[in-house]
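One structure is given below, encoded as structure tokens.
Nothing here was measured: the structure is a model prediction, and the numbers come from that model.
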Amino acid sequence: MGGLRQFTPATRSLAIAAVVVIALLGSAFAIGRGIAPTGAPVTSSATTPHPTDQPAAPETPAPDDSSATAEAHDGGTVAVPEPTAVDESSPAAAEPTAPEPTASSDYYDEGTQRTTGTSTVALTFDDGPNPQYTPQILTSLREYGVTATFCVTGKNASAYPELIQAIVADGHTLCNHTWNHDIALGSRSPDEIRADLIRTSDAIHAAVPDAPIAYYRQPGGAWTYSVVSAAQELGLTPLHWTIDPRDWETPGADPIATTVLDEVGPGSIVLLHDGGGPRQDTVDALSQILPELITRFPVAALPPSIT
């Protein structure tokens with residue numbers, strides 16, 4: 001400041017003011033640089049969630065396995081295939097189409113017999129013979145002078161040949177019902193189907209060598225083209241039914257008898273069981289079914305041979 005004494009008081013005042021202004025401007029510039037943003041801008045978390053706040057990726061729903069099995073019409077189950085993954089980027093995924101029918105897997109009942117073709121009613125008994133229930137059923141049928149058709153498995157025929165002989169001795173008709181009640185037989189190869197049916201018929205004939213076997217009944221009623229064709233090639237008529245009182249569900253004797261007597265008509269083929277599970281309901285239902293049924297219709301076994 002010593003050099004300012006040579007100026008007049010007014011000049012000195014202006015010089016000091018200029019220095020102060022310059023100093024203030026310099027300070028303001030330095031402060032402004034300190035508060036100005038640098039680098040990438042900072043964004044508030046109000047618009048960009050923190051990674052820990054992101055919702056979890058949705059899980060792929062598990063397939064509904066309530067339909068993994070389906071109850072078959074004759075008391076068995078049919079496996080349902082697992083869903084097949086589809087490439088959503090492929091053109092086929094945009095327009096799904098039904099699979100082409102195959103002879104070995106699709107339901108096919110053309111050519112099956114569902115009525116007697118006459119006014120006669122036919123009682124049929126599946127899944128036996130059984131040492132507990134078959135003799136009781138034979139006794140009831142004998143009491144009312146009724147013959148029936150027994151659809152037997154090869155395994156049971158082999159185990160109880162004396163029951164097969166008793167069935168034939170009472171004038172009843174025999175029917176092939178696979179070796180071991182194979183509901184899925186129709187989905188197997190033609191050679192496997194024929195082998196099963198031949199094995200079953202051989203087991204029956206081991207007990208009754210001369211007895212005719214004119215019919216084949218597919219377990220569960222799960223008919224396919226392959227099983228119908230194989231039966232026909234072996235000279236067996238594919239045999240279905242008209243009335244199913246679902247006695248295999250053991251609903252009690254009364255519901256079984258009521259269903260049969262309410263639904264029966266000329267030519268009905270009635271599905272009943274003497275094996276495959278507890279069958280006392282069926283045995284007891286016969287004491288209600290037979291006395292009324294024979295007053296309304298002729299009741300007899302299906303013809304033991306087809307001409």
Quiz item: Taking the side chain as C-beta and beyond, is there a heavy-atom pair between Pro129 and Ile164 under 4.5 Å?
Solution: yes
Quiz item: Side chains of Thr242 and Glu263: closer than 4.5 Å at any heavy-atom pair?
Solution: no
Quiz item: Under the 3.5 angstrom rule, does the side chain of Arg217 hit a backbone N or O of Leu239 as a donor-acceptor pair?
Solution: yes
Quiz item: Quick one: does Thr224's side chain have a donor or acceptor within less than 3.5 Å of a partner on Gly186's backbone?
Solution: yes
Exercise. Return the minimal non-hydrogen interatomic distance between Leu261 and Ile289, and the atom names on each side.
Key: CD2-O, 3.9 Å
Quiz item: Is the closest side-chain heavy-atom distance between Ser119 and Pro298 below 4.5 Å?
Solution: yes
Quiz prompt | Heavy-atom donor-acceptor pair, Asn180 side chain to Asp182 backbone, under 3.5 Å | solution = no
Exercise. To the nearest 0.5 Å, tell me how far Tyr216 OH sits from Leu234 CG.
Key: 10.5 Å
Quiz item: Is Arg199 salt-bridged to Asp196, going by a charged N under 4.0 Å from an acidic O?
Solution: no
Self-check item: Nearest heavy atoms of Leu302 and Thr149, plus distance in Å
Solution: N-OG1, 3.1 Å
Practice problem: Take Ile269 and Thr116, measure what side chain to side chain contact (heavy atoms under 4.5 Å, CB included) needs, and give me the verdict at the end. | Solution: CA-CA 7 Å; Ile269 297 175; Thr116 65; 4.0 Å; yes
Self-check item: Residue pair Leu141 / Thr147, side-chain heavy-atom distance below 4.5 Å
Solution: no
Quiz item: Rounded to the nearest 0.5 Å, how far does CG of Leu197 lie from CD1 of Ile213?
Solution: 10.0 Å
Self-check item: Any Val152 side-chain heavy atom under 4.5 Å of Ile204 side chain
Solution: yes
Quiz item: Same cluster for Val283 and Ile256 if Ile/Leu/Val/Met/Phe/Trp/Tyr side chains link at under 4.5 Å?
Solution: yes
Quiz prompt | Flag for Gln136-Gln280: side-chain donor and acceptor within less than 3.5 Å | solution = yes
Self-check item: Nearest heavy atoms of Thr173 and Ala301, plus distance in Å
Solution: OG1-CB, 3.5 Å
Quiz prompt | Modelled atom types, side-chain donor and acceptor of Thr153 and Asn156, under 3.5 Å | solution = yes
Quiz item: For the hydrophobic clusters of this structure (ILVMFWY residues joined by side-chain heavy atoms under 4.5 Å, transitively), does one cluster hold both Ile183 and Trp179?
Solution: no
Quiz prompt | Asp109 side-chain N/O to Thr112 backbone N/O, donor-acceptor pair under 3.5 Å | solution = no
Self-check item: Rounded distance [0.5 Å steps], SG in Cys151 versus CD in Gln218
Solution: 11.5 Å
Exercise. Give, for atom CG of Asn176 and atom OG1 of Thr178, the distance between the pair rounded to the nearest 0.5 Å.
Key: 7.0 Å
Quiz prompt | Pair Arg296-Val264, side chain to side chain contact (heavy atoms under 4.5 Å, CB included): steps then yes or no | solution = CA-CA 10 Å; Arg296 295 167 57 187; Val264 70; 3.7 Å; yes
Quiz item: Out of curiosity, Thr282 OG1 to Ile137 CD1, how far, rounded to the nearest 0.5 Å?
Solution: 6.5 Å
Quiz item: Between Phe297 and Thr120, is any pair of side-chain heavy atoms under 4.5 Å apart?
Solution: no
Practice problem: Run the salt-bridge test on Asp247 and Arg279 with the 4.0 Å N-O cut-off and return the result as yes or no. | Solution: no
Quiz item: Parallel, tilted or perpendicular for Phe125 and Phe150, by the 30°/60° rule?
Solution: parallel
Quiz item: Side chains of Trp241 and Ser268: does their closest heavy-atom pair fall under 4.5 Å?
Solution: no
Quiz prompt | Residue pair Ile167, Thr134: steps toward the side chain to side chain contact (heavy atoms under 4.5 Å, CB included) verdict | solution = CA-CA 9 Å; Ile167 288 169; Thr134 303; 4.3 Å; yes
Exercise. Measure across His177 and Thr200 and return the closest heavy-atom pair with its distance rounded to 0.1 Å.
Key: N-CG2, 4.3 Å
Exercise. Taking Gln165 for its side chain and Ala207 for its backbone only, find out whether a donor-acceptor pair lies under 3.5 Å.
Key: yes
Practice problem: Tell me, with the steps shown, if Val299 and Leu123 meet side chain to side chain contact (heavy atoms under 4.5 Å, CB included). | Solution: CA-CA 7 Å; Val299 183; Leu123 299 180; 4.1 Å; yes
Exercise. Of all the heavy-atom pairs spanning Pro238 and Gly111, show the shortest one and how long it is.
Key: CD-O, 3.9 Å
Quiz item: For residues Thr250 and Asp281, is any side-chain donor paired with an opposing acceptor at under 3.5 Å?
Solution: no
Quiz item: Distance-only, no hydrogens or angles: does the Gln232 side chain make a donor-acceptor pair with backbone N or O of Ser229 under 3.5 Å?
Solution: no
Quiz item: Just by modelled atom types, is the Gly154 backbone N or O under 3.5 Å from a matching donor or acceptor in the Ser158 side chain?
Solution: no
Practice problem: Over all heavy atoms of both residues, which pair between Leu286 and Ser140 is shortest? Give the atoms and the distance, please. | Solution: CD1-CB, 4.4 Å
Quiz item: Between Thr295 and Glu292, does any side-chain donor sit less than 3.5 Å from a side-chain acceptor?
Solution: no
Quiz item: Distance from Thr259 atom OG1 to Ile243 atom CD1, nearest 0.5 Å?
Solution: 9.0 Å
Quiz item: Does one side chain, of Glu162 or Tyr160, offer a donor that lies under 3.5 Å from an acceptor on the other?
Solution: no
Exercise. Could you tell me whether a side-chain N or O of Thr124 sits under 3.5 Å from a main-chain N or O of Val270, the two making a donor and an acceptor?
Key: yes
